[in-house]
There are 2 protein chains.
Amino acid sequence: MIQIRPSQAAGRRPAPRRVTLRELAAHAGVSRSTVSLVLRESPLVAALTRARVRESMAATGYVYDRGAARLRSGVSQAIGLVISEITNPFYAELTAGIDAVLDRAGWVAFLANTGDRTDRQERFLQRMREQKADGVLLCPASGTEAARLGEIAASGLPIVQILRRTGPMQGDYVGPDYRIGMALAVEHLCVRGHVRIGLIASDRRNSASRERLEGLTESLTRHGLTPALVAPCESSRAKAAALAASLMDRTDPPTALICHNDVIALGMLSGLQRLGRRPGSDVALIGFDNINECCTSIPALSSIATQPAEIGAAAADLLLRRIADPTGAPEQILLPPRLVIRET
Amino acid sequence: MIQIRPSQAAGRRPAPRRVTLRELAAHAGVSRSTVSLVLRESPLVAALTRARVRESMAATGYVYDRGAARLRSGVSQAIGLVISEITNPFYAELTAGIDAVLDRAGWVAFLANTGDRTDRQERFLQRMREQKADGVLLCPASGTEAARLGEIAASGLPIVQILRRTGPMQGDYVGPDYRIGMALAVEHLCVRGHVRIGLIASDRRNSASRERLEGLTESLTRHGLTPALVAPCESSRAKAAALAASLMDRTDPPTALICHNDVIALGMLSGLQRLGRRPGSDVALIGFDNINECCTSIPALSSIATQPAEIGAAAADLLLRRIADPTGAPEQILLPPRLVIRET
DNA sequence: GCAAGAATTTGGAATGATCCAAATCAGACC
DNA sequence: GGTCTGATTTGGATCATTCCAAATTCTTGC
């Protein structure tokens, strides 16, 4: 797996050796230590010296070697980002929010897309330890064991979980408040007189699904109701569209559907339409996440807005704080969603 | 920017020091060099010795330090991935394709989202050099200067461009064959008797836009036609929807529209519908990229399929080859699109 | 039992930065 | 001029690995 001497290819272009800190120091006529202090913006060096070193940097085209620095200092300015399903637009927005914060702070992120599989996740976490990332933002794949994450965290790699949390929620976590989201949706539907409300759910083995279901049940209970149905569905338009028929064939079909996310809701939307049902009048339909597409679908999809970019930003922020202070008290940050009512 | 001693936080959890190769060697009763060879799967070591070292690895919980290895060997097994617009589903698919290849090969990627701005791109490329990535997959931001990329490549950081290419296309590049895509669409439309065919375009300063326009013009010329209109539009549903009215208000409105990408096409789709036009019968509408959403929009969007995951995989493949052999001849790989006709 | 050759194993130097304690420098004051 | 003090600057050790040439061990044939 680790390559030995990857065919060094007897450089025709002779791979122009980089200027090192040592050479830079010689060029500026100061010691290595002084240059190092300048690089790290230390206030210890005299203004004049700093200026001279800066000039030499420009003149020689010096490039800082963060890897070498990391070896001694222990800080790599890099984190891992583990996403379970990057092709879902929601995660793309989340990623953009994270990326913006990291860029501003001068950090970089390793990206991995697990496809919600624990083996890929495990492999990637291992690589993060090998690369000595300073921390990891993790949306744990369904089926991740809390104990395993505990081990990794204990080995000195701070983890902030996003969107989903494993086990007894004690570590750092940032995500939407799914319960409030469900409460908003249920409230809205009950006011309109809906009584048979169903949930198109997802994999029960992750907290994001469980919390949605619990939120729904609690909210319905407050109105003296129970879920009319709970149908699991993979997160894909096609699967959701296909599911529509079997739901509507029932003897007592639901009058309102809340979907685990917008991808499913949009699939359901077109599935229902192909069956000749008109979402919004025949059947109420509410998605989750409020991705861009909701505004332009026909009819426009109502959705519970979870503000992925803000969640990403808050998570990145928290991870950087945790890296700076590994012993601080764990934080659980829940961002309240809003309900965006459109035509369905 | 570079932090000095980020508040080492007087470890309560005492940050369990990692086992080093030296300690591992002692545990296994061999030399550092031998352990190093085992780690790199060298055939030089005796099977028995290898087994012993492997046992010790498991027993001590050793974690390879790729950063330290890189310092000596020069290979980091990490690359940079620079995307211009991650929230576009097309790029998300592309990223997934890249990620799959890298994962299989045991590499990791640094991710950056430039938002199509050259300053962010420049900043990120600088960080890649500091982190000593072995290479970069780059979708150059509009306005990127070819000379700048040349400099960077000459400094020893291999670059494979994806989707867009700057300047005289001489470096490594992987992307769809936009011209063929346009030819397919034009052919299809002309056969149906369309004569007034328009293009909803994008920023002209990148090759992906220029090649689309050129492809369209060439294909139309072969039919003795010229573009009925070329309207620039930002890559957003809302902007595209808003644009619809002004297009249809013309005295001689186009009967067919080809859109720069599906995001724009879907915005246009709903914009047209709100104006009371029926895409597919009143106006032909063809998108570009064939993202998932095309199948489930109502009416289903016809689109030129560019197979992002395959492009990503091919690009990652090429970059790994280029890293292994920096002196090889540059390759330009164009993947032929297919036309997927649906309801519009 | 020994030489030759192949198969393994090894220790010192190197990679490019930071850390740290100690050295040097510059003023201020007597 | 000498001493004290605070501000700068410095060199040697160190971080965890690989490289390389040389040393050691094992086979084989006579």
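In what follows, chains are A, B, ... by sequence order, proteins preceding strands, each numbered from 1.
- Rounded to whole Å, the distance from CD on A:E23 to P on C:dT15 is 10 Å.
- In this structure, B:R18 atom CZ and D:dA16 atom P are separated by 9 Å, rounded to whole Å.
- Side-chain nitrogen and oxygen atoms of A:S31 include at least one within less than 4.0 Å of the OP1 or OP2 phosphate oxygen of D:dT10.
- Applying the side-chain contact (heavy atoms from CB on, under 4.5 Å) test to B:P158 and every residue at least two apart in sequence or in another chain returns B:L319, B:R322, B:I323.
- Residue A:R72 places its side chain closer to D:dC15 than to any other of D:dG11, C:dT10, D:dC15.
- For B:R40 and D:dC19, the shortest distance from a side-chain N or O to OP1 or OP2 is below 4.0 Å.
- Counting non-hydrogen atoms of other residues, nucleotides and ligands closer than 6.0 Å to CZ of B:R22 gives a total of 12 or fewer.
- The CZ atom of B:R50 sits 9 Å away from the P atom of C:dT8 (whole-angstrom rounding).
- Taking only side-chain atoms of B:L21, from C-beta outward, the nucleotide of D:dT17, C:dT18, C:dT8 with the closest atom is D:dT17.
- The base of C:dT18 sits with one of its N or O atoms less than 3.5 Å from a complementary donor or acceptor on the side chain of A:R32.
- Between A:D65 atom CG and D:dT17 atom P there is a gap of 16 Å when expressed in whole angstrom units.
- Taking atom CG on A:L48 and atom C1' on C:dC25, their separation rounds to 14 Å, with Å as the unit.
- Contact annotation: A:Y62 side-chain N/O to C:dG16 OP1/OP2 distance is not under 4.0 Å.
- One interatomic measurement links the two molecules: CG of B:L71 to P of D:dC19, which rounds to 12 Å at whole-angstrom precision.
- We find that CG of A:L37 is positioned 14 Å from C1' of C:dA21, with the value rounded to whole Å.
- Judged by distance alone, with hydrogens and angles left aside, the side-chain atoms of A:Q121 form no donor-acceptor pair with the main-chain N or O of A:A112 at under 3.5 Å.
- Checked for salt-bridge contact, A:D172 and A:R321 miss the test: no charged N lies under 4.0 Å from a carboxylate O.
- Taking only side-chain nitrogens and oxygens, B:S36 never comes nearer than 4.0 Å to OP1 or OP2 of D:dC19.
- Residue contacts for B:R70: at a heavy-atom cut-off of 4.0 Å it reaches no nucleic acid atom on any strand shown.
- Proximity note for B:V45 (side chain, C-beta onward) versus C:dT9, D:dA16, D:dT9: the nearest is C:dT9.
- Considering only the side chain of B:S73, D:dC19 comes nearest among C:dT9, D:dC19, C:dG16.
- In this structure, the nucleotide among C:dT8, C:dA17, C:dG11 sitting nearest to the side chain of B:L44 is C:dT8.
- In this structure, the nucleotide among D:dT9, D:dC20, D:dT17 sitting nearest to the side chain of B:S33 is D:dC20.
- Toward the 5′ end of DNA chain C lies the nearest nucleotide of B:A47, the other residue of the pair B:A68 and B:A47 mapping further downstream.
- Ion pairing between a basic and an acidic side chain is recognised when a charged N comes within 4.0 Å of a carboxylate O; A:E130 and A:R127 show no such pairing.
- Comparing D:dT18, D:dT9, C:dG16 by their closest approach to the side chain of A:T49 singles out D:dT9.
- Atoms OH (A:Y64) and C1' (C:dG16) sit 10 Å apart, rounded to a whole Å.
- Salt-bridge formation is not detected for the pair A:R104/A:D317: no Lys NZ or Arg NE/NH1/NH2 atom is positioned less than 4.0 Å from an Asp or Glu carboxylate oxygen.
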